[in-house]
Chemist: 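Just dropping this structure here.
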Amino acid sequence: MEMDKLVSLCKRRGFLFQSSEIYGGLNGFWDYGPMGVELKRNIKEAWWQDMVTGHDDLGTLPNAPSPYQMVGLDCTIILHPQVWKCSGHYDQFHDYMVDCKQTKKRYRHDQIEGRWVEAKDKKVFVTSASTGEEAEAEVEQKALKFFNLKKKYADQLNYDGGLICLTEIDDFSQVLGPDAKELGTLTEPREFNLMFKTFIGALGGEESAAFLRPETAQAIFVNFKNVCDSSRVRVPFGIAQIGKSFRNEITPRNFTFRSREFEQMEIEFFCHPDESQKWYQFWRERRFEWYIKMGLASDRLQLREHDPEELSHYSCGTADIEYAFPFLAEGDYGELEGIAHRGDFDLRSHTEGKLVREGDGFAVEKDEHGQPKYRGSGKDLTYRDMVTNEKFIPHVIEPSAGADRATLAFLCEAYTEEEVPDEKKGKSEVRTVLQLHPRIAPLKAAVFPLVNKDGMPEKAQEIYRTLKPHFNVFYDDKGAVGRRYRRQDEVGTPYCLTVDGQTLKDNTITIRDRDTLKQTRISVEEAVDAIREKINNA
Ligand code: ATP
């Protein structure tokens, strides 16, 4: 699938718009249109329903070590600044950036790839901000230009090795920046904290500085005691939250994949330390299966365990659920969700202060006077089991998903073009269809009168009004019925109901399936149940 076709459909049919577009847009910010808002809401609701409200606290799920409880939270975007100091985000949540002195462009150090190229007795490192094959093609084009060679002399370029990341280059003097015309215009890499800073109240001094949360997780840890005291949950249990997070990404790109404002769907699952490995395995499988159930094909989806050197400072095990997005180079995958085994790092750091690795474990980081660098809350966040009376700091498994990346993956997976015969024109035409899982489709059904006469519109409107309290349904009487079907296919509406001549005689309507294109007749009275059953069985 070509990505630009999906991007254009998203704009044309109201899924996604560039934020503040009439003012030229704002890089890294996206708005969801009338169709997009429904799709994303449905994804978030399906997640909440499957993980939280629909979860059976009393039963044991397949492969779960035991029954467990689930509750939710909805916390603020701005938290006490100390939260980010103790969590490590204040000191460690940064990327490295390099600036181009010539073009004034800024890049993420680890996102620039390049190759050593030699021609005309000179060897330079030519870079590109793309990846894979695209990067190779770009490097060749830029090298030809740099060495002033015509395309037919491309064989005069001698490459020393394949593409490597700029992070492997120490001296930038022979580096040609991704958009530069001269050598050595890139600055040394500098740290850049990804948290958006703001000020609370009118004074605006450093003492009132605060941050927009870069993840929803920390607010859950900070509320751990409140939840335990107020809801009588017993370990093992999980706290879920869906909400906005903000990261001042240096190079937002790939449509909504890397945005500066996005939504996360996170669970912090608290369990006994002895049981944590089993729960880690359980959550990896459970979350992976969820994406498959919701319609992502397993051959584009993978569960990848992090190498030890890839692990974040807090984690003793992380697996990513990744999807082969069409905008990535062949064979590359993009992260949809990370499932991390965080041990007791977070609860301890919010009690004791910022922790750093020491030997095999963690210890409070000290300043030059031997005092804790950032003090924790001092509150006891240990857990006492009300039945066994055992006291311990629970270990945490964190399945952390992005609602926007999930939405994008479902859109990419659903976009289909197929040749269908057009009997009237006697040739085939291309049908564009979003084969979204009916549960997440923005509209569940559309109702059409076959023609705008003989009482058909009145009957169709009556059916529309009967369905509307149950599902998001669309009424359309504009244009040829074939075109109306195509319009619904493009936004992924799974069922189209058409009122025709027979409806007026026997109170039946046709119901057309988006994917099989099969039409069957059902009675008007059973329409609500029939649609519900189809959605539930999909
Ligand atoms: P990446 O390596 O792609 O920057 P990450 O490992 O920093 O992602 P996490 O901190 O694990 O991401 O965040 C959990 C989830 O939040 C990610 O799996 C992703 O779905 C989502 N997410 C993170 N950053 C962004 C972003 N800039 N735009 C959209 N979604 C994001």
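One-based numbering, in listed order, for ligands and for the atoms of each.
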Chemist: Could you tell me the residue and atom name of the protein heavy atom closest to atom 16 (O) of ligand 1, and the distance to it rounded to 0.1 Å?
Modeler: Q264 NE2, 3.2 Å
Chemist: What about Y159 and W116, are their ring centers closer than 6.0 Å?
Modeler: no
Chemist: Going by the side-chain hydrogen bond (donor to acceptor under 3.5 Å, both in side chains) test, name the single residue among K142, E140, E138 that passes it with S128.
Modeler: E138
Chemist: Atom 29 (C) of ligand 1: which protein heavy atom is closest, and how many Å away?
Modeler: F257 O, 3.2 Å
Chemist: Using the rule given for side chain to side chain donor-acceptor pair (under 3.5 Å), can you reason through Q302 versus E322, listing the C-alpha separation, both sets of side-chain angles and the distance that settles it, and then say yes or no?
Modeler: CA-CA 5 Å; Q302 71 172 21; E322 301 178 327; 2.7 Å; yes
Chemist: Using a strict cut-off of 4.0 Å, indicate which atoms of ligand 1 neighbour a heavy atom of E249.
Modeler: 26 (C), 27 (N)
Chemist: Determine, considering heavy atoms only, which of E310, E335, R258 sits nearest to atom 3 (O) of ligand 1.
Modeler: R258
Chemist: Only distances under 3.5 Å count here; give the side-chain donor-acceptor pairs of residues 33-41 to other protein atoms, sequence neighbours excluded, each with its distance to 0.1 Å.
Modeler:
from, atom 1, to, atom 2, distance (Å)
K40, NZ, E263, OE1, 2.7
K40, NZ, D404, OD2, 3.0

Chemist: Below 4.0 angstrom from a heavy atom of L336, which ligand 1 atoms are there? Numbered from 1 as shown, please.
Modeler: 18 (O), 20 (O)
Chemist: Looking only at distances, please establish whether an N/O atom of ligand 1 is found under 3.5 Å from an N/O atom of R108.
Modeler: no
Chemist: Who are the ring pair (Phe, Tyr, Trp, His ring centres under 6.0 Å) partners of H55, not counting sequence neighbours?
Modeler: Y68
Chemist: I'd like to know if R258 pairs up with E335 as an ion pair, taking the criterion as any Lys NZ or Arg NE/NH1/NH2 lying under 4.0 Å from an Asp or Glu carboxylate oxygen.
Modeler: no
Chemist: I'd like to know if the side chain of R514 reaches the main chain of T493, judged simply by a donor and an acceptor atom lying under 3.5 Å from each other, with no hydrogens or angles considered.
Modeler: no
Chemist: Out of F15, F255, F17, which residue meets the ring pair (Phe, Tyr, Trp, His ring centres under 6.0 Å) rule with W30?
Modeler: F255
Chemist: Considering only non-hydrogen protein atoms, determine which one is nearest to atom 15 (C) of ligand 1 and report residue, atom name and distance to 0.1 Å.
Modeler: S400 O, 3.7 Å
Chemist: Name the closest protein heavy atom to atom 21 (C) of ligand 1, giving the residue it belongs to and the distance to 0.1 Å.
Modeler: G402 CA, 3.8 Å
Chemist: Is the shortest side-chain N to carboxylate O distance from K85 to D91 below 4.0 Å?
Modeler: no
Chemist: Are any of the N/O atoms in A401 less than 3.5 Å from those in ligand 1?
Modeler: no
Chemist: Of S259, G338, A409, which has the heavy atom at the shortest distance from atom 26 (C) of ligand 1?
Modeler: S259
Chemist: In the protein, what heavy atom is nearest to atom 19 (C) of ligand 1, and what distance, to one decimal place, separates them?
Modeler: R405 NH1, 3.5 Å
Chemist: Could you find the nearest protein heavy atom to atom 7 (O) of ligand 1 and give me its residue, atom name and distance?
Modeler: R247 NH1, 3.0 Å
Chemist: Considering only protein heavy atoms, which is closest to atom 22 (N) of ligand 1, and at what distance to one decimal place?
Modeler: F262 CE1, 3.5 Å
